[in-house]
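Note sheet for the following structure.
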2 protein chains.
Amino acid sequence: MQLSEITSLTLSDRIFEQLQTAIVKGEIPTGSKISEPELAKAYGVSRGTLREALSRLEERHLVVRSPNHGARVITLSYEELIDIYQVREALGGMACGLAAERMSDAEIADLKRLLDDHERSIREDEGLSYYQQEGELDFHYRILKGSRNRKILGVLEGGLYQLMRMYRYQFSTSSPRPLQALKEHRRIVEALEERDAELADLLMRRHIRSARKSIEERHRKSREQEE
Amino acid sequence: MQLSEITSLTLSDRIFEQLQTAIVKGEIPTGSKISEPELAKAYGVSRGTLREALSRLEERHLVVRSPNHGARVITLSYEELIDIYQVREALGGMACGLAAERMSDAEIADLKRLLDDHERSIREDEGLSYYQQEGELDFHYRILKGSRNRKILGVLEGGLYQLMRMYRYQFSTSSPRPLQALKEHRRIVEALEERDAELADLLMRRHIRSARKSIEERHRKSREQEE
DNA sequence: CCTGCTGATTATGTCGACACATTTTGTGTA
DNA sequence: TACACAAAATGTGTCGACATAATCAGCAGG
């Protein structure tokens with residue numbers, strides 16, 4: 001009958017979420033070995049419950065498990081981050097093109113207001129606040145929802161976005177170009193308003209690509225400094 | 001020291017795989033409720049082991065679980081299939097563009113030979129064989145690997161491809177245009193040989209898009225017949 | 001005949017325990 | 001001192017059992 005939208009989460013669900021945020025925030029360090037008895041005691045649950053959560057974490061590629069050797073938190077690599085940005089470029093572009101055809105006028109207007117908030121936040125905090133970073137994700141998230149394609153959102157939410165957050169926490173690899181990004185966001189919204197799917201696709205791809213390029217640039221420089 | 005590449009799978013892993021293929025092949029029908037004690041007895045494992053597998057299946061969106069109500073196999077919908085093809089279009093195109101820059105000459109030559117096999121298979125079996133369908137997947141799979149982007153492959157393997165296989169088994173919605181598809185494959189390989197990333201991207205997107213269009217066409221017709 | 005309550009049955013969520021594999025510790029020998 | 005081997009300790013894989021929530025059957029009342 002599905003009356004209650006109050007989804008009473010199961011204990012294993014909560015452990016899964018707690019572990020996920022703990023890993024993403026780096027509270028459980030990358031590459032560290034996970035001891036099941038230890039973690040189970042720390043979270044006050046049985047090993048069975050914990051193992052169920054670990055299985056899901058493994059499926060999300062946040063932990064790696066090898067039989068009889070136990071589980072480890074994944075280790076991040078620069079190459080993987082670039083890979084993720086390429087996936088975002090492809091899917092974000094596709095979603096944005098669809099959104100241009102499918103978003104309601106009200107949703108687009110909301111998006112515009114969101115950008116106004118961002119602009120204010122950037123001016124006040126000089127664009128360094130954590131809020132601004134999550135705001136960037138919020139912008140993309142709304143467009144993904146606007147695409148009306150559940151799979152795109154599902155793919156990005158099912159692992160990829162958590163990984164990006166993880167990189168941000170660990171390497172503070174946030175976009176160092178908030179004003180430029182804002183300008184690009186505004187152009188994207190313009191394309192949405194004009195219902196220009198092709199342009200929206202192109203602008204979104206370019207937007208994500210330049211974010212990636214800026215990361216590549218930074219990485220190149222830090223490599224040079226090392227030598 | 002990780003000597004053995006002989007990954008001795010854990011029992012839960014095998015149950016997971018068995019269940020996955022059983023669901024994909026329709027041996028466990030879509031939408032059916034899953035009784036944990038029943039399934040556990042059928043596969044000869046304990047409920048804990050089975051639940052671990054179910055958790056992973058849930059993470060792959062092959063089963064849906066609601067707390068205290070149990071698990072159900074997902075139900076397929078036409079809209080979802082279209083969504084999946086859009087994801088494939090975006091990611092397949094991106095992968096193909098990358099593959100044009102990154103595949104080795106040997107890999108491309110192999111790909112060409114694969115197409116020769118396909119052509120022979122089509123002529124012999126009149127393009128209706130099951131092998132041919134899996135061959136189509138093989139073609140795409142190789143290009144995904146050729147992109148050297150693990151994430152793209154991971155996203156498609158982690159749920160989407162199983163879903164597509166599922167649709168094929170259930171609705172036998174295979175491409176009814178094998179010769180046309182082969183021609184498109186050949187053009188894609190040509191673009192790879194010429195290391196033309198832009199063209200390879202474009203051709204792959206168009207290839208997947210026309211596969212989607214042909215499904216949409218068929219769906220439209222069958223809807224008309226119903227009325 | 002249908003609706004609503006109550007008890008019985010089944011299923012799910014969670015836990016503790018055992019068997020086996022792995023890692024670590026400790027000891028003796030070259 | 002370094003190495004090899006054995007034994008203890010720890011950890012993982014798997015199972016069975018209990019408590020609670022959901023489902024079903026049967027019965028009373030409208």
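Computed from a predicted model, the values in this text were never measured in an experiment. Basis for what follows: all heavy atoms, side chains included, without hydrogens, waters or symmetry-related copies. Chain letters run A, B, ... following the sequence lines, proteins first and then strands; every chain starts at 1.
Contact annotation: B:Lys33 side-chain N/O to C:dT10 OP1/OP2 distance is not under 4.0 Å.
For the side-chain contact (heavy atoms from CB on, under 4.5 Å) test, residues two or more places apart in sequence or in another chain that qualify with A:Glu36 are A:Arg47, A:Leu50, A:Arg51, A:Leu54, A:Arg65. The side chain to side chain donor-acceptor pair (under 3.5 Å) test applied to B:Arg209 returns B:Glu89, not counting sequence neighbours. For B:Lys112, the salt bridge (charged side-chain N to carboxylate O under 4.0 Å, His left out) partners two or more places apart in sequence, or in a different chain, are B:Glu193. Checked against side chain to side chain donor-acceptor pair (under 3.5 Å), B:Arg148 has the following partners two or more places apart in sequence or in another chain: B:Glu107. Residues passing the side chain to side chain donor-acceptor pair (under 3.5 Å) test with A:Asp110 are A:Arg113, sequence neighbours excluded.
When rounded to the nearest whole Å, the span between CG of B:Leu54 and P of C:dA11 equals 15 Å. Atom CG in A:Leu50 sits roughly 12 Å away from atom P in C:dT14 (whole-Å rounding).
Heavy atoms of B:Ile34 sit under 4.0 angstrom from primed sugar atoms or phosphate atoms, though from no base atom.
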**OP:** Please report the C-alpha distance between A:Arg220 and A:Glu224 in whole Å, then the side-chain angles of each, then the deciding distance to 0.1 Å, and finally whether the salt bridge (charged side-chain N to carboxylate O under 4.0 Å, His left out) criterion is met.
**Re:** CA-CA 6 Å; A:Arg220 196 179 54 72; A:Glu224 279 173 6; 2.7 Å; yes
**OP:** List the protein contact pattern of nucleotides 13-19 of chain D with one symbol per nucleotide (5' to 3'): B for base contact, S for sugar-phosphate-only contact, - for none; contact means a heavy-atom distance under 4.0 Å.
**Re:** BBB-B--
